[in-house]
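To start, the structure itself, in structure tokens.
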Amino acid sequence: MTTEMQEIAITEEKPLLPGQSDAVKDVEIAARMLLDQDQEHSVETPHGVLHVTVHGAGNARRPAILTIHDAGMDSKSCFSTLFKFEEMQEIVKNFTVVHVDAPGQEEGAAIYPAGYQYPTMDQISEMLPAVLQFFNFRTIIGVGVGAGAYILSRFTLCNPEAVEGLVLVNVDTNARGWMDWAAHKLSNLTSSLTEQIMTHLFSQEELSANTDLIQSHRERMAKAPNAINIELFWKSYLGRRDLSIERNNTFKCPVMLVVGDQAPYEDAAVECNSKLDPTTTSFLKMADAGGMPQLTQPSKLTEAFKYFIQGMGYMASSCMTRLSRSRTTSLSSSYSMEGSRSRSRTLSQGSQGGQLPPSPSQTMEVSC
């Protein structure tokens, strides 16, 4: 008995076995995240400084959720409604959430001088590895809207090992065509910067309705002290390159595309969906939603996001609430008997949505 106890003691004093050093590092990272929660940081990158806000301690073994906002917005105006939504708190408690502001877009940002060479969309995507390195993130789940969706798409294509999943709202992976270029030139002559961006963010139906949401965003941009910075980011997005996504050059991770059925970028999102791998892509087309579904329908988007995360193997015990109880629309994830997905998943939302036939291994039903 004594010998056995001595052997155990000797074993414990041996150097850390492979994998144990990672466990120690995870504890250190978790401790740092706990200290850094709800903190704002300035991260130095090869193309300038990024303003980054960290929320929650999360789990060091899980990817961080990293968001990038659209043109004419910052991380707060773009994502606060969604990530402060009550049902989203279950996700926030399980993941570290990192909001990245594009250069000069955050509140209180210094105004760039005349002639400043603003980063291109490609260069902004090249700034993200510095953020991951700063916080010791191994991988992320990217959540991007509009210009932010494009930036995350570019980053993922160049760094596939760093991204476990993508949620892309109103994504347009194409460069502007000649018609878009001509329309923009005409718009420059007849519309202010605020109105140009408003037509990018919201549908014509929403602009005509002129709701409180529309009025607040128009007023926010019209009075923004960093309007010069906003214009530079807007022009950078307009000058984006074609991502050249196709079936043999596409994302290597699960992707959820989100667009409102009245959104300005509905056609672009549908086209992007046609180019992606149908076995790893979900397409969420939200009924009665305009250009900003994360602001107007956070409950529906939260529920879809939970399903997406569960499909990646996280939060398996998460309770589906409102959407799982309703049966008016179905989300059917078709699998073969071996468990591999046989087709693209489409979330079709509406009060009269039809039910898709159950798949052999899994059917999730939601109503939005």
Side-chain angles (χ1 to χ4, degrees), residues 55-67 79 82-98 137-144 152 156 162-169 251-259 273 276-286 293-294 297-349 353 355-368:
H55 296 277
N59 185 323
R61 290 190 175 276
R62 291 179 175 175
I65 296 175
L66 186 146
T67 75
F79 291 109
L82 177 64
F83 281 90
K84 289 184 178 180
F85 188 70
E86 181 180 358
E87 294 174 14
M88 178 63 79
Q89 299 315 300
E90 183 180 9
I91 296 176
V92 173
K93 291 176 181 178
N94 282 276
F95 293 86
T96 300
V97 181
V98 184
F137 294 144
R138 295 173 179 172
T139 57
I140 64 167
I141 297 173
V143 181
L152 281 170
T156 303
V163 183
E164 291 193 30
L166 276 178
V167 178
L168 305 175
V169 182
F251 304 119
K252 307 301 181 185
C253 64
V255 179
M256 182 169 74
L257 300 177
V258 182
V259 70
N273 182 56
L276 300 185
D277 184 349
T279 67
T280 58
T281 303
S282 302
F283 185 50
L284 171 59
K285 189 174 181 180
M286 302 180 73
Q294 80 278 12
Q297 300 193 23
S299 179
K300 302 171 185 179
L301 187 53
T302 296
E303 199 78 349
F305 191 27
K306 284 185 179 181
Y307 279 121
F308 181 69
I309 291 175
Q310 284 187 330
M312 296 171 59
Y314 299 109
M315 295 180 61
S317 61
S318 175
C319 177
M320 294 295 117
T321 53
R322 181 184 62 84
L323 299 186
S324 61
R325 290 196 299 266
S326 179
R327 311 280 296 186
T328 58
T329 308
S330 69
L331 158 63
S332 177
S333 298
S334 284
Y335 289 76
S336 67
M337 293 304 292
E338 292 77 22
S340 61
R341 287 181 238 186
S342 61
R343 61 177 172 81
S344 173
R345 296 179 297 167
T346 299
L347 289 74
S348 180
Q349 302 182 347
Q355 301 249 347
L356 295 173
S359 60
S361 64
Q362 179 178 356
T363 299
M364 296 179 291
E365 297 193 358
V366 299
S367 170
C368 297

Q: Applying side-chain contact (heavy atoms from CB on, under 4.5 Å) between I140 and each of V98, V163, T156, report the one that passes.
A: V163

Q.
Assess whether a salt bridge exists between K306 and E90, defined as any Lys/Arg side-chain N lying under 4.0 Å from an Asp/Glu carboxylate O.
A. yes

Q.
Just verifying a value: how many Å separate L276 CG and F251 CZ, rounded to the nearest 0.5 Å?
A. 6.0 Å

Q. To the nearest 0.5 Å, how far apart are CE in M88 and CG in L301?
A. 6.5 Å

Q.
Quick one, M315 and R62 - any side-chain contact, counting heavy atoms below 4.5 Å?
A. yes

**Q.** Rounded distance [0.5 Å steps], CD in Q297 versus CZ in F85
**A.** 11.0 Å

Q.
Check whether Q89 reaches the backbone of F83 with its side chain - one donor and one acceptor, N or O, closer than 3.5 Å.
A. yes

Q) Looking at side-chain heavy atoms only, is the closest gap between E87 and S299 below 4.5 Å? A) yes

Q. Residues two or more places apart in sequence or in another chain: which of them pass side chain to side chain donor-acceptor pair (under 3.5 Å) with T67?
A. H99

(Q) As an exercise, state the distance from CZ of F137 to OG1 of T96, rounded to the nearest 0.5 Å. (A) 5.5 Å

**Q.** Residues which pass side-chain contact (heavy atoms from CB on, under 4.5 Å) with P63, listed by chain and number, not counting sequence neighbours
**A.** F95, T139, I141, E164, Y314

**Q.** Candidate list V258, L82, I65, L284, test side-chain contact (heavy atoms from CB on, under 4.5 Å), partner F305, passing option
**A.** I65

Q. Just how far is it from atom CG of L257 to atom CG of N273, taken to the nearest 0.5 Å?
A. 5.5 Å

Q: Starting at CE of M312, measure out to CE of M256 and round the result to the nearest 0.5 Å.
A: 11.0 Å

